[in-house]
Amino acid sequence: QTISQPYIVAYMTEQLSIGKDDRVLEIGTGCGYQTAVLAEIAGHVYTMEIIRELSERSENILGELDYDNVSFRVGDGSLGWPEEAPFDAIMVTAAPVRIPEELKKQLAEGGRMIIPAGTFSQRIYRITRSGGSFRTEELIGVRFVPMTGRIEGDF
């Protein structure tokens, strides 16, 4: 649909503090650029896209580039990928109105999520799971495409 500015890709990636053994869930594969960045750093990336054609195109391109640590799925990103949870990090590249509770539940202890949220006025949030609770930090203002699908939850 759209591609984030390279600065935003770098900023969001840096805010996740990904380690080489981390399991990362990406919501919004798009063209696969952010996916490739994550795959260069993380142990394995699980990426979801709601538009089948985008997912298939990205899977083909990243396959040709020999990225073998990425799994693809077509589906509603607000539901996450519960069969593969928990994740050390979750990167969301589309903006829900509210942060989906299902995604928060899929964070491992100490896990981090970076997510833009809001309607016209959006902010990037970092959510960290610690001791069974969640800490939410507001980072910067942004404009992302809206997340479609079933959305629920609060900040």
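All values below come from the heavy atoms of this structure, side chains included, with hydrogens, waters and symmetry mates left out.
Ion pair Arg73/Glu83 flagged as a salt bridge, since at least one NZ, NE, NH1 or NH2 atom sits closer than 4.0 Å to an Asp/Glu carboxylate oxygen. Salt bridge status for Arg129 with Asp88: absent, with no side-chain N to carboxylate O gap under 4.0 Å.
Proximity of a side-chain donor or acceptor of Glu138 to a complementary backbone N or O of Tyr125 within less than 3.5 Å is not detected. A donor-acceptor distance shorter than 3.5 angstrom exists from the side chain of Asn69 to the backbone of Ala39, with no hydrogens or angles considered. Although no hydrogens or angles enter the test, the distance criterion places a donor-acceptor pair under 3.5 Å between the side chain of Gln122 and the main chain of Thr119. Checked by atom type and distance alone, the side chain of Thr136 never pairs as donor or acceptor with a backbone atom of Ile127 at under 3.5 Å. Listed for the Asp76 side chain is a donor-acceptor partner under 3.5 Å among the backbone atoms of Ser78. One N or O on the side chain of Gln106 and one on the backbone of Leu79 form a donor-acceptor pair closer than 3.5 Å. Between the side chain of Ser55 and the main chain of Arg52, no donor-acceptor pair closer than 3.5 Å is present. In this structure, Asn60 contributes its side chain and Arg57 its backbone to no donor-acceptor pair below 3.5 Å. Side-chain atoms of Glu109 come within 3.5 Å of backbone atoms of Gly131 as a donor-acceptor pair (strictly under, hydrogens ignored).
Taken to the nearest 0.5 Å, the CD atom of Glu102 stands 4.5 Å off from the NZ atom of Lys105. With values rounded to the nearest 0.5 angstrom, Arg123 atom CZ is found 13.0 Å from Glu137 atom CD. Between the CD1 atom of Ile8 and the OG1 atom of Thr93 there is a distance of 12.5 Å, given to the nearest 0.5 Å. To the nearest 0.5 angstrom, His44 atom NE2 is 9.0 Å from Phe87 atom CZ. To the nearest 0.5 Å, atom CZ of residue Arg98 and atom CD1 of residue Ile115 are 11.5 Å apart. Separating the CD1 atom in Ile114 from the CD1 atom in Ile27 is a distance of 14.0 Å, to the nearest 0.5 Å.
Side-chain N/O atoms of Thr29 and Gln34 include no donor and acceptor closer than 3.5 Å.
Counting all heavy atoms, side chain and backbone alike, Pro116 lies closest to Pro96 at O-CD, 3.1 Å. Across every non-hydrogen atom of Ala89 and Leu16, the tightest pair is CB-CD2, 3.9 Å. Closest approach of Met12 and Met91 over heavy atoms only: CE-SD, 3.4 Å. Heavy-atom minimum distance, Asp22 versus Ser17: OD2-O, 4.1 Å. Counting all heavy atoms, side chain and backbone alike, Glu49 lies closest to Gly30 at OE1-N, 2.8 Å. Among all heavy-atom pairs drawn from Ser58 and Gly32, the shortest one is OG-N, 3.3 Å.
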Quiz item: Given Thr35 and Tyr33, is the side-chain contact (heavy atoms from CB on, under 4.5 Å) satisfied, shown in steps?
Solution: CA-CA 5 Å; Thr35 313; Tyr33 177 74; over 6 Å; no
Practice problem: Report the C-alpha distance between Val92 and Met113 in whole Å, list the side-chain angles of each, state the deciding distance to 0.1 Å, and finish with yes or no for side-chain contact (heavy atoms from CB on, under 4.5 Å). | Solution: CA-CA 8 Å; Val92 183; Met113 175 167 50; 4.2 Å; yes
Practice problem: Show your reasoning for whether side chain to side chain donor-acceptor pair (under 3.5 Å) applies to Thr47 and Glu26. | Solution: CA-CA 5 Å; Thr47 186; Glu26 177 193 32; 2.6 Å; yes
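In Arg126, the CZ atom is crowded: over 12 heavy atoms of neighbouring residues, nucleotides or ligands sit closer than 6.0 Å.
Under the 4.5 Å side-chain heavy-atom criterion for ILVMFWY residues, a single connected hydrophobic cluster contains both Tyr67 and Ile18. Hydrophobic clustering keeps Val74 apart from Leu103 (ILVMFWY residues linked when any side-chain heavy atoms are closer than 4.5 Å, directly or through intermediates).
Side-chain contact between Leu107 and Arg112 is absent, with no heavy atoms from C-beta onward closer than 4.5 Å.
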